[in-house]
Amino acid sequence: MTSKTEKLLSLLNGQPVIPVLKIANVADAVPLARALSRGGLRAIEITLRTADALEAIRRVAAEVEDAVFGAGTILDAKQFDEAAAAGSKFIVSPGITRELLDAAKDSPVPLLPGAITPGEIMAAREAGLRFLKFFPAEQSGGIASLKAFASPLADVKFCPTGGITARNAADYLGLPNVICVGGSWVAPDDLIKAGRWDEIEALAREASKLKT
Ligand code: 3PG
């Protein structure tokens, strides 16, 4: 285990599910983060897929004391730096590039990069990372692929993301090389749009009870 991996794992603090959030309306950021936190999911990933994502991160940073908020869908060093400057506690990327690894190397903010092939996993490992996002999980062999990695790549652990739902999350979490899963199912677009925070809290509460 490297110090960067330890830092990331300590931020996630054993949480079984990391909500992956797409916040279209910045006013939703704080009530959404609060609902998830009340439901037991303090660590959240706010994706940079909407115009106001950085502002959403800033607002959560300023107003939701107990949230551990990361920035997701980071594609290059410029976005890495912007997300870190907005206060992100961790950075998530769908894949792994040399540019991103270099940006992460000199930053105190840990990176959770996506990797799906043995070569990508080995490249991340060489950079000192032992905890990776397995993305897109269901489309990339899912549980069977992760089982195949467990022996040859035994010191690398994963957060499978992509196609994970309440239906299959427990199966992923039962794997020895899976620490947590990521997913959008705990904060569906329609519930966010309608401001149904109690229902999102209930989904989070169910997800938070899953065993890692
Ligand atoms: C994503 O980046 O879109 C995440 O992997 C979420 O995927 P999901 O919507 O299938 O949970």
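Just so it is clear, the structure is predicted and the values come from calculations on it, not from any experiment. When a ligand or atom number is given, it counts from 1 through the structure's own listing order.
Checked options Phe131, Phe80, Phe90; the residue passing with Leu111 is Phe80 (criterion: side chain to side chain contact (heavy atoms under 4.5 Å, CB included)).
In this structure the side chain of Phe149 reaches within 4.5 angstrom of the side chain of Pro118, judged on heavy atoms.
Annotation: salt bridge (Lys or Arg N to Asp or Glu O under 4.0 Å) contacts of Glu99 (sequence neighbours excluded): none. With sequence neighbours left out, Arg196 forms a salt bridge (Lys or Arg N to Asp or Glu O under 4.0 Å) with Glu199. By the salt bridge (Lys or Arg N to Asp or Glu O under 4.0 Å) test, Glu206 is found to be paired with Lys209, residues two or more places apart in sequence or in another chain being considered.
Protein residues lining ligand 1, listed by chain and number: Val20, Arg49, Phe135, Thr161, Gly162, Gly163, Gly183, Ser184 [non-hydrogen atoms, distance under 4.0 Å].
Across every non-hydrogen atom of Gly182 and Cys159, the tightest pair is N-SG, 3.6 Å.
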